[in-house]
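Each chain gets a letter, A, B and so on, in the order the sequences are listed, and its residues count up from 1.
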2 protein chains.
Amino acid sequence: MMIADQNLVKKMNKRRLLQEVIHHSPISRANLSKTTGLNKSTVSAQIQEMVDEKFIFEIGQGQSSGGRRPVMLMFNKQAGYAIGVDIGVDDMTVLLTDLDGSIVTERYFDLKQSSPDETIALLLTTNQQMIDTMPVSPYGLIGIGICVPGLVNREEQIVLTPNTHWNGVELKKIVESTFNVPVTIENEANAGAYGENIYGAAKAYDDFIYISVSTGIGVGLVLGNELYRGVHGFSGEMGHMTIDFNGPKCNCGNRGCWELYASEKAFRQSLPREWNDDEIASRLQKNDVELFRALENFGHYLGIGLVNIANTFDPEAVILRNPLIESNPFVLNALKNTLSSRMNVRFDTECAFLPSTLGKNAPALGACSMMIEQFINGITA
Amino acid sequence: MMIADQNLVKKMNKRRLLQEVIHHSPISRANLSKTTGLNKSTVSAQIQEMVDEKFIFEIGQGQSSGGRRPVMLMFNKQAGYAIGVDIGVDDMTVLLTDLDGSIVTERYFDLKQSSPDETIALLLTTNQQMIDTMPVSPYGLIGIGICVPGLVNREEQIVLTPNTHWNGVELKKIVESTFNVPVTIENEANAGAYGENIYGAAKAYDDFIYISVSTGIGVGLVLGNELYRGVHGFSGEMGHMTIDFNGPKCNCGNRGCWELYASEKAFRQSLPREWNDDEIASRLQKNDVELFRALENFGHYLGIGLVNIANTFDPEAVILRNPLIESNPFVLNALKNTLSSRMNVRFDTECAFLPSTLGKNAPALGACSMMIEQFINGITA
DNA sequence: AAGTTAGTTTAATCAAACAACAAACATAAA
DNA sequence: TTTATGTTTGTTGTTTGATTAAACTAACTT
């Protein structure tokens, strides 16, 4: 445990003030004093420091409310930039954002034919391009966050990627030594959860569960406004929660895993034939019965697992990340039906089930925001 | 968010010092300075305060290590006393402990024929008796913690007790107004988890899952060394996690709930005939095949749910609270077999599965320790 | 001109760190 | 046994630094 001294006091109050400016700008010193409870002189001193450090700037005078006009302060969201990378099973997203999480540059790649080595090369050149075209700023590139579809341990090493071959690749070291900035490697579901918490559907929630439904099902747990990672970093493997203990074998070793029923892969296997995305879209337009039956089933199986999640966590919200769910409220309704039929009135009315608002950018944005938060916390070091 | 000032600094350091004394006594001022990093003069000043407040006393001189002999300090665990009550479905435990959690007085009651009103009367008179016979101390009774077998919301109201009739009983108000000390109402599994974390099998763990197996299955989640309660206080209802979505209906509304297979009630129903505890004990002695088969099955079904828990939380440990498990390592082995057969080598070797060490006292002790922690935190207010 | 609001300056407060010191002891050489 | 040396413990007085209250200047509204 840490010991407390005046330095800690200053750090805490500085952080608090910066957060207030970030989330409520434009705001005046007087107003900061009111909202934080800190003395006016304390506010002035701290703000001056952060103005000198280029994190905050004065935007000019605001409206008077019967006296001297206030000087409005803004967070300098262009003080630096972050890169977020989402390495998927067969695609990659690379985003450059400012400190507000606003996307400056975005690039999407198809990885269907790529080996990890080729992907790393692509990642490095893309990052370099982004750095080269990045606007000039006091702090430049403040960090690179990378998420991968698999298990990442507490040392940020990739230890298991069921659908790809990233196991053991020393991604953190490679990227860190190339660009000499802080690098974080994170699980895709954790990054997505983080993104939704900072910028997306879960902004207002402190306790929520983020569910990424694709080839498998990945879960990010945000409990008490913090990502819960587990001892080894492997929490949220709820895709491998059994929902039928006599069910079919899964390659995780378990039987009747949730993702064997409710993943997008399972959904596609449940279709009468193999339909590509265009085919599915056009059948949606035409209210195709077979498709809707499959979608309803998809929602139903999702719902079965969600009952377990609601019973386990009693969360404020569950955020679902999947293109089909985001574009079809119908799936969400099917899912809610299963929930209300399987839970006596209690949770279903008091827990929000929402689609992701960041969509496919969620994990990369989450990766960015992790670096941004690290950077902002470092400001007060 | 709170603002920081010198008062906070003092509080934090005082708390830190007190914790150090509690957990490493006897200890000298010099040693405290070393372990905490606080300056010797700071330590001296803070300790003096707590000596004056009767929380710490000087026990005398310790061994010299080549210089002046140190003055050894001890936590005054007899500065006050706490009462912990565990109201079960058909029994009640009432404990009086000192601030160390050592039991001073213990009483056990059979509630098989009691209504809530009768139980409350019994609780109040027992508490009064304990207060009357309690040793004199500077702070007297510092609080009463009570746990109940059901759902307790964040306002500490009892909202659902499936197997009894405590719903809506204003227990907190009743007890608080009778004794005029702080009262906490808590769910039985949460209290048990807390107890094991402070005094029992989970002392060394920051992230663990406590599982209370009786009529139903209750789960207490300790994540990051804190009890995770959920938004409404209803987390850990994992007894109603489906492990067979086509399974039999449960009165919670769900199907194939874990506790329909792995509760003690389910275990007893799985026996060829109704055996009482003595019968079971004697058959255990005689290595009765039918009983052992049932126990193995019991372990197997526990294991199925524990795989889900391991996949969900990636905990350091799982603590199992049930008399049969505590007295029969055999069940634990059966359970571990199921785990290793259903999880590819990863968790089973790195997550400890342990029986409760506090046994039936776990929840009441947890309730005590909640009050003690509240009190100790209040010291530094 | 009077009253309000914004922001700065000044002096006081307080907790911890620092530095110097005294007390009490261990060790080993004389 | 005696003495000298160095170590450890705990206290005392001083300094540092962040917050704060209060006084003050600045700028605006009515």
Side-chain angles (χ1 to χ4, degrees), chain A residues 1-18 20-21 24-52 56-74 380-381, chain B residues 1-18 20-21 24-52 56-74 380-381:
Chain A
M1 206 201 297
M2 161 188 57
I3 65 159
D5 55 8
Q6 292 198 108
N7 201 30
L8 175 77
V9 171
K10 187 172 180 185
K11 265 163 64 170
M12 285 179 68
N13 290 335
K14 189 170 179 181
R15 186 169 307 178
R16 173 73 197 282
L17 282 168
L18 185 54
E20 208 71 21
V21 172
H24 300 99
S25 58
I27 190 170
S28 68
R29 291 173 174 79
N31 207 343
L32 282 171
S33 172
K34 271 178 207 149
T35 55
T36 61
L38 287 164
N39 191 278
K40 285 194 291 176
S41 43
T42 308
V43 173
S44 278
Q46 296 268 36
I47 292 294
Q48 191 52 54
E49 252 187 62
M50 290 191 277
V51 167
D52 292 342
I56 290 179
F57 59 91
E58 303 184 336
I59 191 115
Q61 294 189 319
Q63 279 300 315
S64 160
S65 58
R68 171 174 166 180
R69 290 166 66 188
V71 179
M72 303 313 277
L73 304 165
M74 289 280 285
T380 54
Chain B
M1 206 201 298
M2 160 189 57
I3 66 160
D5 57 6
Q6 292 199 107
N7 201 30
L8 175 77
V9 171
K10 188 174 178 185
K11 266 164 64 171
M12 286 179 67
N13 290 335
K14 190 170 178 180
R15 184 169 310 179
R16 173 73 196 283
L17 281 168
L18 185 54
E20 209 71 22
V21 172
H24 300 98
S25 59
I27 189 170
S28 69
R29 291 172 174 81
N31 207 343
L32 282 171
S33 172
K34 272 178 206 150
T35 55
T36 60
L38 286 163
N39 192 279
K40 287 192 292 174
S41 46
T42 307
V43 172
S44 277
Q46 295 269 35
I47 292 295
Q48 191 52 53
E49 251 188 63
M50 290 190 277
V51 167
D52 292 344
I56 291 179
F57 60 91
E58 303 183 337
I59 191 112
Q61 295 189 316
Q63 279 300 314
S64 159
S65 59
R68 174 174 164 180
R69 290 165 67 187
V71 178
M72 304 313 278
L73 305 165
M74 289 279 286
T380 56

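In terms of position on DNA chain C, the residue among K34(A) and K14(B) whose nearest nucleotide sits closer to the 5' end is K34(A).
Among the atoms of the strands shown, none is found under 4.0 Å from any heavy atom of S33(B). Among the atoms of the strands shown, none is found under 4.0 Å from any heavy atom of Q63(A). Contact annotation for Q46(A): backbone-only contact, meaning every heavy-atom pair under 4.0 Å involves sugar-phosphate atoms and none involves a base. Across all strands, V71(B) comes closer than 4.0 Å only to sugar-phosphate atoms, never to a base (heavy-atom distances).
The side chain of Q6(A) has dG17(D) as its nearest neighbour among dT11(D), dG7(C), dG17(D).
Using a 4.5 Å cut-off on side-chain heavy atoms (C-beta onward), H24(A) and T35(A) make no contact. E58(A) places a side-chain heavy atom less than 4.5 Å from the side chain of R29(A). By the 4.5 Å heavy-atom criterion applied to side chains, L17(B) and M50(B) are counted as neighbours.
Remark: N13(B) is in phosphate contact with dA16(C), judged by side-chain N or O atoms under 4.0 Å from OP1 or OP2. One finds no side-chain N or O of R29(A) lying less than 4.0 angstrom from the OP1 or OP2 phosphate oxygen of dT5(C).
Between M12(B) atom CE and dA16(C) atom P there is a gap of 11 Å when expressed in whole angstrom units. Rounded to an integer number of Å, the gap from CG of N7(B) to P of dA18(D) is 18 Å. Distance L8(A) CG to dC14(C) P: 20 Å, rounded to the nearest Å. As rounded to whole Å, 7 Å separates atom P of dG7(C) from atom CG of L73(A). In this structure, the CG atom of L17(A) is 14 Å from the P atom of dA18(D), given to the nearest Å.
R69(A) places no side-chain N or O within donor-acceptor distance of the main-chain N or O of Q63(A), the cut-off being under 3.5 Å. Formation of a donor-acceptor pair under 3.5 Å by the S28(A) side chain with backbone atoms of V71(A) is not found in this model. A donor-acceptor contact shorter than 3.5 Å links the side chain of D5(A) to the backbone of L8(A). Side chain of S25(B) to main chain of V21(B): a donor-acceptor pair is present (N/O by atom type, distance under 3.5 Å, no hydrogens or angles).
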Fill in the blank from the handout: Quick tally for nucleotides 20-30 of chain D: nucleotides whose base has a protein heavy atom under 4.0 Å get B, sugar-phosphate-only ones S, the rest -, giving BB----BBBS-
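The only member of L18(B), D52(B), L73(B) that meets side chain to side chain contact (heavy atoms under 4.5 Å, CB included) when paired with I47(B) is L73(B).
Taking CE of M2(B) as the start and CG of N13(A) as the end, the distance is 9.5 Å to the nearest 0.5 Å.
Fit an axis to the five pairs at each end of the helix from dA1(C)-dT30(D) to dA30(C)-dT1(D) and the two axes sit 10° apart, to the nearest 10 degrees.
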